[in-house]
Amino acid sequence: MDQGLLDIIVCPDCHGELEARATIGAEELVCTSCGLAYPVRDDIPVLLVDEARKPA
């Protein structure tokens with residue numbers, strides 16, 4: 001994920017900072033404030049709250 005893009009985009013739910021994390025077979029952007037994890041598909045972040053994985 002491009003660092004310039006990460007500097008611009010924020011969590012659509014709480015407007016917190018997003019951090020890129022790679023898991024086995026997937027990449028996601030995780031909000032450092034609320035913990036929602038947004039999927040990245042084909043190098044495009046899906047910043048929809050309905051698509052986000054809730055924190056454990």
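Worth saying up front: this structure is predicted, and the values here are computed from it rather than measured.
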(message) V10: which residues meet the side chain to side chain contact (heavy atoms under 4.5 Å, CB included) condition with it, sequence neighbours left out?
(response) H15

(request) For residues 34-45, pull every pair meeting salt bridge (Lys or Arg N to Asp or Glu O under 4.0 Å), keeping only residues two or more places apart or in separate chains. (result) R41-E51

(request) Considering only Ile, Leu, Val, Met, Phe, Trp and Tyr, and joining two whenever side-chain heavy atoms are under 4.5 Å apart, list the other residues clustered with V46. (result) L48

(request) With sequence neighbours excluded, tell me which residues meet side chain to side chain donor-acceptor pair (under 3.5 Å) with D2. (result) none

(message) Could you tell me if the side chain of C11 sits less than 4.5 Å from the side chain of C34, heavy atoms only?
(response) yes

(message) I need the minimum non-hydrogen distance between V30 and G35, along with the two atoms involved.
(response) CG1-O, 4.0 Å

(request) Sorted by first residue and then second, give each salt bridge (Lys or Arg N to Asp or Glu O under 4.0 Å) pair with at least one member in residues 31-40; sequence neighbours left out. (result) none

(request) Only counting residues at least two apart or in another chain, list the ones meeting side chain to side chain donor-acceptor pair (under 3.5 Å) with E19. (result) R21

(request) For A20, check side chain to side chain contact (heavy atoms under 4.5 Å, CB included) against everything at least two apart and list the hits. (result) M1, L6, E27, L29

(request) Could you tell me the separation between the CG atom of L36 and the CZ atom of R53, rounded to the nearest 0.5 Å? (result) 9.5 Å

(message) Does anything in residues 3-16 form a salt bridge (Lys or Arg N to Asp or Glu O under 4.0 Å)? List the pairs, not counting sequence neighbours.
(response) none

(message) By the definition side chain to side chain contact (heavy atoms under 4.5 Å, CB included), identify the one residue from I9, L5, I8 that meets it with L18.
(response) I9

(request) May I have all residue pairs that pass side chain to side chain donor-acceptor pair (under 3.5 Å) and include part of residues 29-39, sequence neighbours excluded? (result) none

